[in-house]
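Some notes on the structure that comes next.
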2 protein chains.
Amino acid sequence: MSSASLTTPAASQFVESWGSLGVLWGLNRSMARIHALFLVTDEPIELDQVARVLNISRGNASMCLKELRNWGVIQRVHKTGDRQDYYVAEPDVWTTFFRIAVERKKREFDPALNNLRHLLAEEDFSDSPKTQKRLEEMEELFSTANTILGALLANETAGRKALGLLKRVLPKS
Amino acid sequence: MSSASLTTPAASQFVESWGSLGVLWGLNRSMARIHALFLVTDEPIELDQVARVLNISRGNASMCLKELRNWGVIQRVHKTGDRQDYYVAEPDVWTTFFRIAVERKKREFDPALNNLRHLLAEEDFSDSPKTQKRLEEMEELFSTANTILGALLANETAGRKALGLLKRVLPKS
DNA sequence: CTGAGTGTTCAGTATAAACTGAAACATTTG
DNA sequence: CAAATGTTTCAGTTTATACTGAACACTCAG
């Protein structure tokens, strides 16, 4: 399986499962399958191999690899005397998780919070006290979430420690 | 605006913004718009009104109301001497948030974790040590997330307190 | 300079998800 | 029972998103 050919059923089943599971991380099917391929492959893989093994177009593979690289969950590597680009997965699973979380906060959460704040600043709901109050609470909730997320994600080791602490402090599941 | 007619621009703009923003919560556009309508409306609203004001079909409105009720973010109420069903938003924003979080964990996270565990239990990656290790770490990460989420969401007041504490403890943003 | 090998881009197409509109059915009550 | 309301279902349509495939761009060896 290490040769990026998905010869073993274990590997190929993992790739497909991860493909559907990946939506949780915010990846689309192709990105998740590619990521899974890297997770079960020890050696660096190149673009054509990805496209061939997963049965997707070169174009799609190229876009997905670029995106995964933007997210920081795979890295480009080179073999000496070889012009081709090879890629490997970020080795640390926790780092992978943090990178994705950071990226998603930046892309999805922050704009949403901005949007909400603008809305509340510009629009006037003062003729409806209940509404006014609800929207203020909403803003407060988002702000709290923002603070917590920001602190957890600002620094990987600190965030990781905080999560470990949290796990120990909370009542056992 | 309180008469569920979206006469003011403030209200209608909020509804549309919330509609696109709602994906963050895991709602689709219609559900999010309906939820927003309830957020900016003080009086109970009935199905036909929802459909008319938001310009969506009765069928869609009915399904969305049902779903929102399942999530626990709106409630059915009745007016005396009136046979029709009316709905209002859950008044507490934090409760709304928790209900959605609980529901999404149950629907999305838990099955994904199960899936991963089954996969790791059944499949054998022992011929590839790096892969084996990565997948074990992955399982550990998911389990930690599961523990923390489970504890935070098990009880609303406790969870809320924990988040408040967390906010105070973490370095200021 | 040329062209073979490789990586990127994008217009068009396919796929999946949401929504409509209408009908069938269920339930309540005057 | 008939009228009013609520729910469910579903074939057809719209809309958003992902993906393809071919053209284009870049690099480098000869």
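Hydrogens, waters and symmetry mates play no part in the numbers below; they use all other heavy atoms, side chains included.
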Sequence neighbours excluded and cut-off under 3.5 Å, please list the side-chain donor-acceptor pairs for residues 112-123 of chain B, or say none.
from     : atom 1 : to       : atom 2 : distance (Å)
B:Arg117 : NE     : B:Glu139 : OE2    : 2.7
B:Arg117 : NH2    : B:Ser143 : OG     : 2.7
B:His118 : ND1    : B:Asn114 : O      : 3.2

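- Other cluster members for A:Val88: A:Val77, A:Tyr86, joined by side-chain heavy-atom distances under 4.5 Å among Ile, Leu, Val, Met, Phe, Trp and Tyr.
- Between B:Arg83 and A:Ala61, the residue whose closest nucleotide on DNA chain D is further toward the 5' end is B:Arg83.
- Checked against salt bridge (charged side-chain N to carboxylate O under 4.0 Å, His left out), A:Lys130 has no partners two or more places apart in sequence or in another chain.
- Judged as a side chain to side chain donor-acceptor pair (under 3.5 Å), and not counting sequence neighbours, the contacts of A:Lys133 are A:Glu137.
- Taking 4.0 Å as the cutoff to heavy atoms of chain B, we find the contact window on DNA chain C bounded by C:dC19 to C:dT29.
- Residue B:Met63 belongs to no hydrophobic cluster, having no ILVMFWY side-chain heavy atom closer than 4.5 Å to its own.
- Think of the region where chain A sits on DNA chain D: with heavy atoms and a 4.0 Å cut, that region ends 5' and 3' at D:dA18 to D:dC28.
- For the segment residues 23-33 of chain B, no residue has any heavy atom less than 4.0 angstrom from an atom of DNA chain D.
- For the segment residues 67-82 of chain A, no residue has any heavy atom less than 4.0 angstrom from an atom of DNA chain C.
- Within the structure, salt bridge (Lys or Arg N to Asp or Glu O under 4.0 Å) pairs that include any residue of residues 69-81 of chain A comprise A:Arg76-A:Asp85 (at least two apart or interchain).
- Two end axes, each from the C1' atoms of five base pairs, can be drawn for the helix from C:dC1-D:dG30 to C:dG30-D:dC1; they diverge by 0°, to 10 degrees.
- With sequence neighbours excluded, the residues that form a salt bridge (charged side-chain N to carboxylate O under 4.0 Å, His left out) with B:Lys106 are B:Glu103.
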